[in-house]
Number of protein chains: 4
Amino acid sequence: MPSVPTAESPSDAPRVMRADARQNLDALLEAAKTEFAASGVDTPVRAIADRAGVGVGTLYRHFPRRSDLISAVFRREMDACVTAATEIEASFPPDEALDRWILRYTEFLATKQGLAAALHSGDPAYAPLADYFSARLTPTLERLLESARRSGVRIQDVDAGEFLGAVANLCHGAEQHGRSPAHAERMVRLLLAGLRASDG
Amino acid sequence: MPSVPTAESPSDAPRVMRADARQNLDALLEAAKTEFAASGVDTPVRAIADRAGVGVGTLYRHFPRRSDLISAVFRREMDACVTAATEIEASFPPDEALDRWILRYTEFLATKQGLAAALHSGDPAYAPLADYFSARLTPTLERLLESARRSGVRIQDVDAGEFLGAVANLCHGAEQHGRSPAHAERMVRLLLAGLRASDG
Amino acid sequence: MPSVPTAESPSDAPRVMRADARQNLDALLEAAKTEFAASGVDTPVRAIADRAGVGVGTLYRHFPRRSDLISAVFRREMDACVTAATEIEASFPPDEALDRWILRYTEFLATKQGLAAALHSGDPAYAPLADYFSARLTPTLERLLESARRSGVRIQDVDAGEFLGAVANLCHGAEQHGRSPAHAERMVRLLLAGLRASDG
Amino acid sequence: MPSVPTAESPSDAPRVMRADARQNLDALLEAAKTEFAASGVDTPVRAIADRAGVGVGTLYRHFPRRSDLISAVFRREMDACVTAATEIEASFPPDEALDRWILRYTEFLATKQGLAAALHSGDPAYAPLADYFSARLTPTLERLLESARRSGVRIQDVDAGEFLGAVANLCHGAEQHGRSPAHAERMVRLLLAGLRASDG
DNA sequence: CATGAATGAGAGTTCATTCAT
DNA sequence: TATGAATGAACTCTCATTCAT
């Protein structure tokens, strides 16, 4: 079983951390996640700090740029999503595991309105996030696709990263006013069906 | 007494309009279209007014709310897109016409970054736009789907409006940094393939 | 008599100007002059706008960058100082005119705490101000020095711009707490005496 | 029990001091000197603490107010400057010693951008620094002036403190962008020449 | 009707200073 | 004592919107 590193700190080397600082950091991540889900990633910095019960200065200490906070929030759950793949693969046949994990991935996306935009923004500040996405989620899907093919399922030749981006796009606006949460799932299933279709 | 051309005003009640006012309105729509394509629908009002060569006051006279302008811009090209369907239906067999029109629709979407967001925003200000979308584009797709089914093609039972929304989402972020313009098309084709897949 | 152009507008071509805008601009220049004299050129933008009785937006409309405002304020009085030279030259013999004008120049400097700093900051935003200084004040002093030399006075070979900068420096901090206003004048007179000294 | 060296503390009452505290204090003074020279006396407190390798709390412990640190830094080198006078007086005739010491004083000023401002700020926090200046540097110049006069040189009747302030002002902005380091020296020499001029 | 000047709320960001660890 | 995390006031700047001209 591979180790599942958890990277939830803004920098790579915060060796030790004062207990109160750690608490603030957690509160910030949690507050940011909530605010991002409710108001998008462009929500005022102050709103996040207020929700976390800290001053704005504390937010800036931990996350000098907005992109740092966005990246940290998204990375936390990306990790969980990657971890889930292992469990799903262990419990279901390859073809079914593929669909199940994609649906698990859509759950991750549900409250990540700005993820796709961040990934495609071209802003170098998001390069680490995009890299992380490519390094963790994309290989996961590639593995699932390969397993399904080996089990005999006919699967279109698609770029895994591109496909994940498409799924992210399809989930865009889900959970929004007037849209059934089932909407996104139906469309994602359509895309998955297209993946198995015989002609390209 | 000046001539009194009747024009389609931003509100639903066509009214008498001075020739110069009409020119300003056209210039504003054109400028807004360009700015929206370049900088998104949240672009500063001033930028649009400047490009149109009018004062911001004039913009506000014609479009009191930003949503009025966005709606007006998008409606213009929705009309063109609907019109195109008729031509395509006359030139191609139903099944092919379906794909061709969807791709024509993606072209319409190409520079309409904010369309999907506007449609799903839940903001009542966009209700007229959503209504227009439902009244014009959705029936067009329904007609094409029905024709294809009648011609013997097996097509999934999907909600036309939902499908159009999904396509719009897939086109989100196309033409953005680091994304091939072919990306969106590939994913849309996958969705179309899913539409014909035998299981749901 | 040469024409005495008055350049007190932020840009070079504000052909016509609405009466109220003109009033606001004047109020801003006056307020800025007062605030600069009292609190230095780094005084909060808000303080200047408040004193002028306008919103900050109005200040930013007329002077997008702080340096624009500083330059405008200083240019107005540089012009007056240059003009004064003509009158002084007409009324006094060259040698005396030189001293009298330098003392007039120190009066100009009295409330211009940030002038020298701005001129020497190296910030390209102040290049226009430095250019204006070089184009107007420096030639004025050069002319006065030359006249004095022609009238038979022995004068050190100094760079006029450098000398003006030195006088500006000597006036730095004058009118400050605990310093007699005569202090600067005494030191400037010492410098002027050095100008006539026989050895370098 | 550790040795208890007696050190000159920031306050006027020398006290017992732990060895590590003494080291921190030295590091802070050195760091502050460097930062002041590079970025002026308004440089962020954090920058100084970082350079000294201590926490900001330590800085505040030793120097509760910024003025305390500034004063301490400047006093150190004032002392050296005063000491230098003795050597110069021993090696050169009075008239030459005067010039040489003033030039030595300008060297001291070279990296003390904020000295003149601090002395003239009127802020009571700088009163001790101003007093120190008056108690050490001013008498030094007075002594040099008196020696020169006794040796037969005709010297203007100037206030020594005022003259030192003028020299400090003349050195303001030296080493800045676009200004030759020789600029200040030329102007100081002009002032010294004025000191010997026969009329006032 | 058109203009664009004015307004001012609101967002981002920095940094002096305090104080829990 | 030393540390540096936290705080929040203060500042800059932008832009949607109004309204005098």
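In the text below, chain A, chain B and the rest are named by the order of the sequence lines, each starting its count at 1.
Atom CG of B:L129 sits about 5.0 Å away from atom CG of B:L119, to the nearest 0.5 Å. In this structure, the separation between CG on A:L115 and NE2 on A:H120 is 9.0 Å, given to the nearest 0.5 Å.
F:dG4 atom P lies 17 Å from atom CG of A:L25, rounded to whole Å. A straight line from CZ of C:R65 to P of F:dC11 spans 22 Å, rounded to a whole angstrom. Atom P of nucleotide E:dC15 and atom OH of D:Y60 are separated by 12 Å, given to the nearest angstrom. For C:D50 and E:dT7, the CG to C1' distance is 13 Å, given to the nearest whole Å. Rounded to an integer number of Å, the gap from CG of A:D20 to P of E:dT18 is 19 Å. Regarding D:I48, its CD1 atom lies at a distance of 12 Å from the P atom of E:dT17, rounded to whole Å. Counting to the nearest Å, the P atom of F:dT18 and the CG atom of B:L59 are 13 Å from each other. Rounded to an integer number of Å, the gap from D:R46 CZ to F:dA2 C1' is 14 Å.
Consecutive pairing runs in DNA chain E reach the stem threshold at E:2-21 with F:2-21, where a stem means at least three Watson-Crick or G-U wobble pairs with distances under 3.5 Å.
Qualifying salt bridge (Lys or Arg N to Asp or Glu O under 4.0 Å) partners for B:D131, counting only residues two or more places apart in sequence or in other chains: none. Partners of D:S67 under the side-chain contact (heavy atoms from CB on, under 4.5 Å) rule, at least two apart in sequence or in another chain, are D:R65, D:A125, D:Y126. The salt bridge (Lys or Arg N to Asp or Glu O under 4.0 Å) search around C:E30 returns C:R76, not counting sequence neighbours.
The shortest distance between side-chain heavy atoms of A:K112 and A:F74 falls below 4.5 Å. Contact annotation: the side chain of C:L29 approaches that of C:L69 to within less than 4.5 Å [non-hydrogen atoms, C-beta and beyond]. Looking at heavy atoms from C-beta onward, B:K33 lies in side-chain contact with B:E77 at the 4.5 angstrom threshold.
Phosphate contact (OP1/OP2 of F:dA2, side-chain N/O of D:R61, threshold under 4.0 Å): present. Phosphate proximity of E:dA6 to C:H62: present, with a side-chain N or O under 4.0 Å from OP1 or OP2. Within the 4.0 Å cut-off from OP1 or OP2 of F:dT3, at least one side-chain nitrogen or oxygen of D:T58 is found. At F:dT12, one or more side-chain N or O atoms of C:R66 fall inside 4.0 Å of OP1 or OP2 (strictly under the cut-off). Checking the phosphate oxygens (OP1, OP2) of F:dT1, no side-chain nitrogen or oxygen of D:N24 falls inside 4.0 Å.
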In a table with atom names and distances, give each donor-acceptor pair under 3.5 Å that connects a side chain of residues 43-61 of chain C to protein atoms at least two apart or in another chain.
residue : atom : partner : partner atom : Å
C:R51   : NE   : C:E35   : OE2          : 2.7
C:R51   : NH2  : C:E35   : OE2          : 3.1

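Each of C:G55 and B:G53 lies near DNA chain E, and the nucleotide nearest B:G53 is the one positioned closer to the 5' end. Nucleotides of DNA chain F nearest to A:G57 and C:G57 differ in position, and the one nearer the 5' end is that of A:G57.
Within residues 32-45 of chain D, the residues that have a heavy atom under 4.0 Å from DNA chain E are, in order of number, D:P44, D:V45.
A donor-acceptor pair under 3.5 Å is formed between the side chain of B:R66 and the backbone N or O of B:V41.
When heavy atoms are screened at a 4.0 angstrom cut-off, D:V56 is found touching base atoms of the nucleic acid.
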